[in-house]
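Below is one structure; the comments refer to it alone.
Letters A, B, ... mirror the listed sequences (proteins, then strands); counts begin at 1.
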Amino acid sequence: MAGGRPIRALNVAEKPSVAKAVSGILSKNPSSGGLRVRDGRSRYNKIFEFNYTIQNQQFQMSFTSVTGHLMELEFEERYRKWHSCDPVQLYQAAVKKYVPEDKLDIKRTLEEEARKCQWLILWLDCDREGENIAFEVVEVCTQANRNLNIWRARFSALIDREIHYSMQHLVRPNQLFADAVDVRQEIDLRIGASFTRFQTMLLRDAFNLDFTSDDKNIILSYGPCQFPTLGFVVERFWEIQSHEPEEFWTINCTHNSEEGIATFNWMRGHLFDYTCAAIIYEMCVQESTATVTRVRQQEKLKYPPHPLSTIELEKRASRYFRMSSEHTMKVAEDLYQAGFISYPRTETDCFSERTDLRMMVQEQQGHPVWGSYAQRLLDPEAGLWRNPSGGGHDDKAHPPIHPTKFSAGENGWSQDHHKLYELVVRHFLACVSQPAVGAETTVDIDIAGELFSASGRMIMAKNYLDVYRFESWGGSMIPTYNFGQQFAPTTLTLDSGVTRPPPLLSEADLLSCMDKAGIGTDATMHDHIKKLLDRFYATKDSNTRFSPTELGEALVMGYDDMGYELWKPYLRAMMESDMKAVSMGTKSKTEVLETCLQQMKACFVDAKSNKGKLFESMAVFFERSNRSSINEQNTVAEVVRRCSLCQESDMVLRRKPDGNFMVGCTGFPHCKNVVWLPGSVSEAVVTTNICSSCAPGCIGGCDDILRQLVEICGTGSRNISSVHGRGTGHTPSSSSAQRSNSRGQGACLYCRQTGHSSDVCPSRVSRGRNVRSPEADAQEGESSIPCSSCGAPCVLRTANTASNRGRKFYSCRSQECNFFVWEDNINEGGRVARGNISRTASNPSRSGGLWQGWPEWKTSKRCRICVCNR
DNA sequence: GCAAGGTC
């Protein structure tokens, strides 16, 4: 490139802080003519100006920023309203990317600046999202100026040398990275919107969800990140519920000497068999001299933590201060905005070699509390310094979280600001410190052939523990023992204990689960957790531990019963690996989109047809509401065709609370086009079949026989009305259709007989149970044992339904008790896994566990004696 | 009114 007239280049960063920092670095040279700042259209995104030379070519640089994504993905207007279409259509519905209202000012700045420039240099974060935002910027800028020469700067830290290097070695943006994000956005939108609309419309009005006064507006959302997060909470909850305490026995030995007390632990741990433990104990008591068989002395190191990533910050703030991850991020954002800490959303847990760590320590020397520690760190004589070891994660965009400005506390800071800044500083100082050193002693003894062991620790040098007050290193001293030494134990006891269930998941546990499974990003994980609370899916106790609410449990149960693992992290993991394939170029964007959406659509259609499972699981916890008598059908809204009256919205098939069908315009109340189907119609479906005798748009009115039957007889002998859809023809006069609406006594919706209304259908009364159990057409079996739930006789029967023919199940004979359980869900000893009883039967106990009254002859004895520890 | 991902 030769010199000559300067080229005007527009530089764009992902956020204002990066635009400022990079401009600052690039304009340090005197030849830059200094750094000038002016306002853009957006009050947050300033424009920096300076001169710069790239390979001998003079440039006039303008440097501005966006604030994250410039565009959003949404459905076309006609699909935006919830009742505008059947949610299944959202798998094909047209989507568009657009710049939302609150970003229009940034868009205008970009357009205005792009028109004045020849080059566009993209300084977005160097990750997939950043690359996608880069292409959003490109789209806006090239709309304003088609001749732009487009470049990408690759940088991983805001360090002078690195920034200059990337400016001198510009590359082209990577379309594949951006494609991967396009795929994710589209899949997330379609899955999220379809399932959310489906389950909200299906369940919200059907049950009394009494946890909010305003349950009409509650949203039962589904998302590929929030649901697996809920899944972790529910799974642990079920694990706890299904835990049965088991008694075990262990032998303990202590020895008091002049130097102190030593506690020896039995090397076998514990035994579940009392007799066995008691025999061994007797042996020990009878021959109770202890002989020291081994004495080991070792130096042990306790290493300081890795440099701080977002997840670690959230986990530690939760553990040390009980701050929620969401609040932590808010406080961290404040500290970052005010310049006290570095960018708080980072996966990186290792410092770049080029980072000047000592300078950062120097800044902390004046602090009244940890200043002296910082001074010791910098003193070569003290030998406290150690180059930090990394945890192996690097997002190539941001350094680990570290202090960027000294503070001994600011006026406007809350307690939490103080705590979090202190955590960041102490963590940083710990990272560059030597590990703590301890001397550990282990003593093994033998009593009557049984081995016991005791250990003690002495801290030789605290090192990083001096500054990292949040961590300690437990351990106690033990007296001195020598090999071959013999002594009489002071106490030798046979003690019993019981196994305990695992604890509920803490916020730190939940973050670890999400991190491991790849759910969410460092910037969004706390949002997913908060969403569980906002949606009433889970609660958090004062100990920061999460339990599912009944709603959360019911939803997970429902999908689990369908056989879907939509609540597990596998779907997201699969998507993530596909995204990776797209970004590497091994799979195409369209290929992944098509396959994934096809699978998810099939899953959605299946879930819809299995919605009974969701109803059943909800019914375990919630009462049915009377807001709608035929709730599930009432909410179904299948699109028939475009409204011929307003030409704007769709005509959809719906069922009203009174059970009658209607085909109405979704533009209501603006458009009042409606066709009421006669009350005798008990089922109506939208089909693609076109009536042979008239134009598309017919709703069966041309069929004389049908019309006569429904209007005159009203007996419903042809009670399925097919509504032709997808046509453009005219709608039959709604007034005539309304006249034909026979609101009188029609066929019962349940048994399809006349003579009674559906509300009092005798089949419904007995059906309440039948729909829940598989025993329809089952044959009575022979054996009878007491019901686990009520104690009445429980009968072994054989299912005769299509899906479970031949499968055996126990079912309670009592009319009041709905207990039933598949025989193959009963394990050894009559143990029933959690959920296998309750998910399909309304067993009031709702818990698994031991079947009380399970006959002796069915129990197989298990050997739980451990004899292999030696 | 719905997702998840950026960011103020």
Side-chain angles (χ1 to χ4, degrees), chain A residues 12-20 42-46 65-75 79-85 87 90-91 93 95 97 99-100 102-103 105-106 124-125 127-137 178 180-202 204 214-229 310 329-330 332-334 336-338 343-346 395 397-398 514 518-531 534-535 566 571-572 575-576 579 597 600 604:
Chain A
V12 184
E14 189 159 321
K15 43 191 162 281
S17 60
V18 171
K20 187 178 177 186
S42 151
R43 52 190 279 236
Y44 301 108
N45 307 81
K46 308 276 182 206
S65 54
V66 287
T67 42
H69 276 288
L70 188 56
M71 295 179 168
E72 275 177 23
L73 191 68
E74 245 309 355
F75 293 110
Y79 299 102
R80 298 260 179 107
K81 281 190 184 165
W82 280 37
H83 287 281
S84 66
C85 66
L90 298 178
Y91 286 89
V95 288
K97 259 194 174 188
V99 180
D102 60 338
K103 300 284 174 74
D105 45 7
I106 298 177
L124 290 304
D125 292 356
D127 50 23
R128 289 204 303 244
E129 295 294 333
E131 211 66 19
N132 189 272
I133 301 171
F135 278 88
E136 294 174 354
V137 171
V181 173
D182 282 342
V183 172
R184 178 196 59 71
Q185 287 179 339
E186 197 172 327
I187 292 173
D188 283 347
L189 175 66
R190 292 185 191 277
I191 296 177
S194 59
F195 272 94
T196 301
R197 289 185 193 181
F198 160 67
Q199 61 186 28
T200 304
M201 294 194 286
L202 179 70
R204 180 175 58 191
D214 192 15
D215 54 7
K216 280 221 155 140
N217 291 326
I218 189 177
I219 290 167
L220 308 185
S221 63
Y222 175 87
C225 285
Q226 52 176 275
F227 242 60
T229 307
T310 303
M329 290 312 288
K330 250 186 211 147
E333 182 67 30
D334 285 349
Y336 164 66
Q337 289 296 331
Y343 187 66
R345 287 176 282 276
T346 175
D395 61 15
H398 307 285
M514 295 169 76
I519 301 297
T521 68
D522 48 293
T524 61
M525 279 156 86
H526 65 272
D527 284 335
H528 302 313
I529 295 176
K530 182 164 181 288
K531 189 148 276 175
D534 292 347
R535 296 280 190 236
L566 289 171
L571 172 69
R572 194 66 182 176
M575 279 170 64
E576 185 55 37
M579 302 303 100
L597 288 176
M600 281 312 294
F604 180 81

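Contact annotation for A/Asp125: backbone-only contact, meaning every heavy-atom pair under 4.0 Å involves sugar-phosphate atoms and none involves a base. Across all strands shown, A/Gln185 has heavy atoms under 4.0 Å from base atoms, whether or not it also approaches the sugar-phosphate. Residue-level contact check: A/Gly520 touches the backbone only, with heavy atoms under 4.0 Å from sugar-phosphate atoms and none from bases. Residue contacts shown for A/Glu74 include a base, since a base heavy atom lies under 4.0 Å away. As judged by a 4.0 angstrom heavy-atom cut-off over every strand, A/Arg43 is placed among residues making no nucleic acid contact. Among the protein residues, A/Phe227 comes within range of no part of the nucleic acid, since none of its heavy atoms lies under 4.0 Å from any strand. Residue A/Leu189 is in base contact, counting any heavy-atom pair closer than 4.0 Å across all strands shown. Using a 4.0 Å heavy-atom distance criterion, A/Arg184 is classed as a base contact. Nucleic acid contact class of A/Tyr222 (heavy atoms, under 4.0 Å, all strands): sugar-phosphate only.
Taking 4.0 angstrom as the limit, A/His83 places none of its side-chain polar atoms (N or O) nearer than this to OP1 or OP2 of B/dG1. For B/dA3, the OP1/OP2 oxygens have no side-chain nitrogen or oxygen of A/Arg572 closer than 4.0 Å. Taking side-chain N and O atoms only, A/Lys81 has no distance below 4.0 Å to OP1 or OP2 of B/dC2. Look at A/Tyr343 and you'll find a side-chain N or O under 4.0 angstrom from OP1 or OP2 of B/dT7. Between A/Thr196 and B/dA3, a side-chain N or O to OP1/OP2 separation shorter than 4.0 Å is absent.
Look at CG on A/Leu73: it is 14 Å from P on B/dG5, rounded to the nearest Å. Put simply, CD1 on A/Ile529 is 16 Å from P on B/dA3, counting in whole angstrom units. Counting to the nearest Å, the P atom of B/dA3 and the NE2 atom of A/His69 are 16 Å from each other. Between the NZ atom of A/Lys46 and the C1' atom of B/dT7 there is a distance of 17 Å, rounded to whole Å. Summarising the geometry, the separation between CG on A/Leu70 and C1' on B/dG5 is reported as 14 Å, rounded to the nearest angstrom. At whole-Å resolution of the value, CD in A/Glu72 and P in B/dC2 are 12 Å apart. Residue A/Asp527 contributes atom CG, which lies 14 Å from atom P of B/dC2 at whole-angstrom precision. For the pair A/Glu186 CD and B/dG5 C1', the interatomic distance rounds to 15 Å; values are reported in whole Å.
For A/Trp82, counting side-chain heavy atoms from C-beta on, the closest listed nucleotide (B/dA4, B/dT7, B/dG1) is B/dG1. Distances were taken from every side-chain heavy atom of A/Arg535 (C-beta onward) to each of B/dG5, B/dC8, B/dA3; the shortest belongs to B/dA3. Looking at the side chain of A/Ser221, the nearest of the listed nucleotides B/dA4, B/dC2, B/dT7 is B/dC2. Side chain of A/Lys103, nearest nucleotide from B/dC8, B/dG1, B/dC2: B/dC8. Residue A/Arg204 has its side chain nearest to B/dG1 when only B/dG6, B/dG1, B/dA3 are considered.
Residues A/Tyr222 and A/Ile191 approach most closely at CE2-CG2, 3.6 Å, considering heavy atoms. Pairing each heavy atom of A/Ser221 with each of A/Gln226, the nearest pair is OG-OE1, 2.6 Å. Of all heavy-atom pairs between A/Trp82 and A/Met201, the closest is O-CE, 3.8 Å.
A residue-by-residue look at A/Ser194 and A/Asp522 shows that A/Ser194 has its nearest nucleotide of DNA chain B further toward the 5' end.
To the nearest 0.5 Å, atoms CE (A/Met329) and NZ (A/Lys530) are separated by 14.0 Å. Atom CG of A/Leu70 and atom CD1 of A/Ile133 lie 9.0 Å apart (nearest 0.5 Å).
Each of A/Glu14, A/Lys103, A/Glu129 was checked for a side chain to side chain donor-acceptor pair (under 3.5 Å) with A/His69, and the lone residue meeting it is A/Glu129.
Counting heavy atoms of neighbouring residues, nucleotides and ligands inside a 6.0 Å radius, atom NZ of A/Lys97 exceeds 12 of them.
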